[in-house]
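So the structure is just underneath, and the comments pick up after that.
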Amino acid sequence: MPELPEVETTRRGIAPLLEGMTVAGVVVRQRRLRHPVPARLDASLRGRSIETVTRRGKYLLLHFHHGTLLIHLGMSGSLRVLPADTPPQKHDHFDLVLDKGRCLRLRDPRRFGLVLWTRDDPARHPLLSKLGPEPLSREFDTDHLAAQAKGRRVAIKNLIMNSQVVVGVGNIYASEALFLAAIHPARAAGKISRARLEKLVAAIRQVLRAAIRAGGTSLRDFTDSEGRPGYFRQKLKVYGRAGEPCPRCGAPIRQKLIGQRSSFYCGSCQH
DNA sequence: CAAAGGTCCTGCTCGC
DNA sequence: TGCGAGCAGGACCTTT
């Protein structure tokens, strides 16, 4: 589930507890995630120190002197820092055991998440190398989105959820941003005026920033690194609100599948 | 049987 | 015919 705000919330929670810490060991209870957890992780990491914790799109990067641990939370993943002797629950697949008796624990019921190790520049890793710009960076601007949209017949909602176009925008925030920009989610990307794409860029930034401020959105699984839910759910304007009145015009919010994903929008004021 | 916050892969169509 | 880009659909997995 986690989209950019939830991953960033997680990063901010774990970074101060991880940076500078030494790895005492690795425990893998289930290595069958989206990709298999590497077999020799313990040998690679034991005794090594975590330098920094960064984020690229929805990936978390734990930087060591000799490489980088990539973690993705998939649809249902969460990370917590716990006492290392906390009994693992059913879907607690991976622990990075730290010194001072703590561990970083990955829980991921659906196992769409990921733990990988790379010794090379992570930006060149196949999973990261083709990612588009960060939505909160300068690189993501009207010129960029207009260039990506040009000539494309794909629904605008699918375009902004394409990580090669811009990273971090998932199913919740795509619906929310399109509502704020008053753009119909199924509209062909290439048929939207530059002025309206400019509004969409601003809307994506605005909704992601506000969600980070609120600690993300919790629908079911997601909690931050201390086990607390995020509070942005209360601020969602359309996502999960089918049948409720549009906050702008009062018409009922609709729910429809676009590109296999549930999409929420106002059929009256989004065009 | 349906749906859930993600992403990758396959195979089709279209235009050059 | 061949090739690449763009796009739709399916696959992965568990729980509610």
Legend entry - Whole-Å gap separating P (dA4(B)) and CD (Gln260(A)): 11 Å
Legend entry - Pairwise side-chain contact, Leu136(A) with Ile212(A), heavy-atom cut-off 4.5 Å (strictly under): yes
Inset, instruction - Quick one: sort the His72(A) and Tyr59(A) rings into parallel, tilted or perpendicular, breaks at 30° and 60°. - result: perpendicular
Inset, instruction - Check whether any side-chain N or O of His72(A) sits under 4.0 Å from OP1 or OP2 of dG6(B), and answer yes or no. - result: no
Inset, instruction - Output yes when a side-chain donor or acceptor of Asp99(A) lies under 3.5 Å from a complementary backbone atom of Met21(A), and no otherwise. - result: no
Do any N or O atoms of the protein come closer than 3.5 Å to N or O atoms of nucleotides 14-16 of chain B, and which pairs are they?
none

Inset, instruction - Taking atom P in both dG10(C) and dC1(B), compute the distance separating them and give it to the nearest angstrom. - result: 15 Å
Inset, instruction - For residues 178-207 of chain A, pull every pair meeting side-chain hydrogen bond (donor to acceptor under 3.5 Å, both in side chains), keeping only residues two or more places apart or in separate chains. - result: Asp143(A)-Arg194(A)
Inset, instruction - Remember a base hit wins even if backbone is also touched, and classify Ser262(A) as base, sugar-phosphate or nothing at under 4.0 Å, heavy atoms. - result: sugar-phosphate
Inset, instruction - Would you indicate whether the side-chain heavy atoms of Leu128(A) and Leu70(A) approach each other to under 4.5 Å? - result: yes
Inset, instruction - May I ask you to check whether Asp108(A) and Ser76(A) show a side-chain donor-acceptor distance below 3.5 Å? - result: yes
Legend entry - Under 3.5 Å donor-acceptor, Glu3(A) side chain and Ile172(A) backbone: yes
Legend entry - Nearest-angstrom distance from the residue atom CG of Leu127(A) to C1' of dC9(B): 13 Å
Inset, instruction - Return the nucleotide paired to dC13(C): Watson-Crick means purine N1 to pyrimidine N3 with N6-O4 or O6-N4, wobble means G-U with N1-O2 and O6-N3, both under 3.5 Å. - result: none
Legend entry - Flag, side chain of Thr68(A) to backbone of Leu62(A), donor-acceptor distance under 3.5 Å: no
Inset, instruction - For Pro126(A) and for Arg110(A), find the nucleotide of DNA chain B with the closest heavy atom, then tell me which residue's nucleotide is more 5'. - result: Arg110(A)
Legend entry - Donor-acceptor contact present, side-chain Thr22(A) to main-chain Gly20(A), <3.5 Å: no
Legend entry - d(CG, Leu128(A); C1', dC8(B)) in whole Å: 14 Å
Inset, instruction - Give the rounded distance in Å between these two atoms: CG of Leu257(A) and P of dA3(B). - result: 6 Å
Legend entry - Nucleotide dT7(B), atom P - distance to CZ of Arg56(A) in whole Å: 12 Å
Legend entry - Euclidean distance, atom CE of residue Met161(A) to atom P of dC8(B) [Å, nearest integer]: 13 Å
Legend entry - Contact boundaries on DNA chain C for chain A, cut-off under 4.0 Å to non-hydrogen atoms: dG6(C) to dT15(C)
Inset, instruction - Pick base, sugar-phosphate or nothing for Lys90(A), based on heavy-atom distances below 4.0 Å to the nucleic acid. - result: sugar-phosphate
Inset, instruction - May I ask you to check whether His66(A) and Trp117(A) place their ring centres under 6.0 Å from each other? - result: yes
Inset, instruction - For Arg261(A), answer base if it contacts any base atom (sugar-phosphate contacts may also be present), sugar-phosphate if it contacts only those atoms, and nothing otherwise; contact means non-hydrogen atoms under 4.0 Å. - result: base
Legend entry - Separation of atom NE2 in His35(A) from atom C1' in dC9(B), rounded to whole Å: 11 Å
Inset, instruction - Side chain of Tyr59(A) only, please: which of dA4(B), dG6(B), dC8(B) is the nearest? - result: dC8(B)
Legend entry - dA4(B) phosphate, OP1 or OP2, under 4.0 Å from Gln255(A) side-chain N/O: yes
Inset, instruction - Between dG9(C) and dA2(B), how far apart are the P atoms? Round to whole Å, please. - result: 16 Å
Legend entry - Leu73(A) CG to dG6(B) P, straight-line distance once rounded to whole Å: 11 Å
Inset, instruction - Return no unless some side-chain N or O of Ser76(A) is found under 4.0 Å from OP1 or OP2 of dG6(B). - result: no
